[in-house]
Number of protein chains: 2
Amino acid sequence: MLGFHSHDHTACIQTAVAAADAHCRAEKLQFTPVRRRVLEILLENHRAKGAYEILDQLRDEGFGSQPPVAYRALDFLVAHGFAHKIERLNAFVACAHAGADHTPAFLICRECSAVAEAEAGPGRAAIAAAARAEGFTVERVVIEAMGLCPRCAKAA
Amino acid sequence: MLGFHSHDHTACIQTAVAAADAHCRAEKLQFTPVRRRVLEILLENHRAKGAYEILDQLRDEGFGSQPPVAYRALDFLVAHGFAHKIERLNAFVACAHAGADHTPAFLICRECSAVAEAEAGPGRAAIAAAARAEGFTVERVVIEAMGLCPRCAKAA
DNA sequence: TTGATACCTGTTACATTATAACATATCAAG
DNA sequence: CTTGATATGTTATAATGTAACAGGTATCAA
């Protein structure tokens, strides 16, 4: 799992962008400049970023300046598993397990918005069991833990 | 667990309001008319309701007509465990386990917004384990499953 | 009872997040 | 190269959420 520990982040970005590029080629999806750029912006750090924060950056770089530009790119990235929405923050993060079929659980720092993505297999199984008992059909599961990352916990 | 099955809903409401009333007395919290009414509105059915939907009803009944009126009552109810926010929908539900210390997991129908509240003990334990491994301090966990309730699944 | 204090209600005004609808441009396939 | 689908960009507006202040109400100590 990609957590709060330091790592080779340049490689981290390159790998993720390359993976997205390859996946889009394979699936005949259009990995356009705006979409690529938004993914790169999300990858700049493992932090949740709001749509308007991303939009500001796009505008500065000569892309469109209106909300739908950012939202549509984000929708694309989320729909194809390259990014996730953090419901709790109304914000977005790059997916840390691009390509792999996974059920993410997010650990979100309330101080710095850093986000780590853990596998939630067991948690999901527990929910599936409860759902079955109710006759409920699960399509998607959101698991978000708010708290303090090691760095911010130490600072406090 | 209170699920999607039919039950004596009148008793369900009365019990919940009485429990909130008693808890507020015990804790010296003010269970004011707006707060009581908002809880009743949420209890009318086991469905997520938006702040503005609730506000419309408050306005029609002679309470204040501006957003903070609804948001403040909702904040109170959530802070004291009488209601929960469904992040995925930007909406609120009455708590189905009033008073009890619990970690809820929500089953949310995407068709009718019906919400069932399950215990997420095991799921939470799995997250706590992942968090410990990262040195992350968990303060709150949101678990929301989107899908179809039995009724809507049958209709489709 | 009165004054002090904290809390609650309601308002105006505004901030933030998100979408609908439409025109133009670009791409992919025959 | 035309056609149909997809993507981009725009304007305008909807939906959700808060800050800040004025006035009211509960509580409690003196």
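All values reported here derive from a predicted model rather than from experimental measurement. Lettering of chains follows the sequences in order, A, B, ..., and the numbering in each one begins at 1.
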*Asks:* When you measure from the centre of the six-membered ring of A/Phe76, is the NZ or CZ of A/Arg35 closer than 6.0 Å and no more than 45° off the axis?
*Replies:*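 Yes, cation above the ring, under 6.0 Å and within 45°.
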*Asks:* Give the C-alpha distance, both sets of side-chain angles, the deciding distance and a yes or no for side-chain contact (heavy atoms from CB on, under 4.5 Å) between B/Leu107 and A/Ile127.
*Replies:* CA-CA 9 Å; B/Leu107 307 179; A/Ile127 293 165; 4.2 Å; yes
*Asks:* Working to the nearest 0.5 angstrom, can you tell me the gap between A/Glu119 CD and A/Arg124 CZ?
*Replies:*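 If I round to the nearest 0.5 Å, the distance is 10.5 Å.
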*Asks:* Using 30° and 60° as the class limits, which term best fits the ring planes of B/His9 and B/His46: parallel, tilted or perpendicular?
*Replies:*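 Geometry flag for B/His46 against B/His9: perpendicular rings.
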*Asks:* Aromatic contact between A/Phe31 and A/His23, with the criterion being ring centroids under 6.0 Å apart: yes or no?
*Replies:*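 No, too far apart.
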*Asks:* Give me the distances for all protein-to-nucleotides 3-10 of chain C N/O pairs that come in under 3.5 Å?
*Replies:*
| unit_1 | atom_1 | unit_2 | atom_2 | d |
| --- | --- | --- | --- | --- |
| C/dC7 | O3' | B/Gln30 | NE2 | 3.4 |
| C/dC8 | OP1 | B/Arg35 | NH1 | 3.2 |
| C/dC8 | O5' | B/Arg35 | NH2 | 3.2 |
| C/dT9 | OP1 | B/Thr32 | OG1 | 2.6 |
| C/dG10 | N7 | B/Arg72 | NH2 | 2.1 |
| C/dG10 | O6 | B/Arg72 | NH1 | 2.9 |
| C/dG10 | O6 | B/Arg72 | NH2 | 3.4 |

*Asks:* State, to 0.1 Å, how close B/Ala153 and A/Thr137 come at their nearest heavy-atom pair, and which atoms those are.
*Replies:*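 Result for this residue pair: CB-OG1, 4.3 Å.
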*Asks:* Rounded to whole angstroms, how far apart are CD1 on A/Ile54 and C1' on C/dT17?
*Replies:*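 Computing the A/Ile54:CD1 to C/dT17:C1' distance gives 13 Å.
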*Asks:* Is there a donor and acceptor pair, one atom on the side chain of B/Tyr52 and one on the base of D/dA14, closer than 3.5 Å?
*Replies:*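 Such a pair does not exist between side chain and base.
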*Asks:* Rounded to whole Å, how long is the line connecting atom CD of B/Glu53 with atom P of D/dA14?
*Replies:*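 Whole-Å distance recorded here is 18 Å.
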*Asks:* Would A/His84 and A/His97 count as a side-chain hydrogen bond (donor to acceptor under 3.5 Å, both in side chains) here? Give the steps.
*Replies:* CA-CA 11 Å; A/His84 300 288; A/His97 302 137; over 6 Å; no
*Asks:* Over how many whole Å does the gap from B/Tyr71 atom OH to C/dT11 atom P extend?
*Replies:*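 To the nearest whole Å, that distance equals 16 Å.
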*Asks:* Output the rounded distance in Å from CZ (A/Arg36) to P (D/dT8).
*Replies:*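 Answer to the nearest Å: 13 Å.
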*Asks:* Atom CG of A/Leu58 and atom P of D/dT8: how far apart are they, to the nearest Å?
*Replies:*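 The distance from CG of A/Leu58 to P of D/dT8 comes to 11 Å, rounded to the nearest Å.
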*Asks:* So which of B/Leu74, B/Ile41, B/Leu77, B/Val38 actually passes side-chain contact (heavy atoms from CB on, under 4.5 Å) with B/Phe92?
*Replies:*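 One option only clears the test, and that one is B/Leu74.
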*Asks:* Rounded to whole angstroms, how far apart are CG on A/Asp56 and P on C/dT17?
*Replies:*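 Going from A/Asp56 (CG) to C/dT17 (P), I get 11 Å.
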*Asks:* Rounding to an integer number of Å, can you tell me how far A/Leu55 CG sits from C/dT16 P?
*Replies:*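 Rounded to the whole Å, the gap is 14 Å.
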*Asks:* Using a heavy-atom distance cut-off of less than 4.0 Å, which residues of residues 78-91 of chain B contact DNA chain D?
*Replies:*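 Result for residues 78-91 of chain B: B/Lys85, B/Asn90, sorted by number.
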*Asks:* Under 3.5 Å, side-chain donor or acceptor atoms of residues 140-150 of chain B against the rest of the protein: list the pairs with distances, not counting sequence neighbours.
*Replies:*
| unit_1 | atom_1 | unit_2 | atom_2 | d |
| --- | --- | --- | --- | --- |
| B/Glu144 | OE1 | B/Arg88 | N | 2.9 |
| B/Glu144 | OE2 | B/Glu87 | N | 2.7 |

*Asks:* Once you round it to whole Å, what is the distance between P of C/dT17 and NZ of A/Lys49?
*Replies:*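 The answer, rounded to whole Å, is 15 Å.
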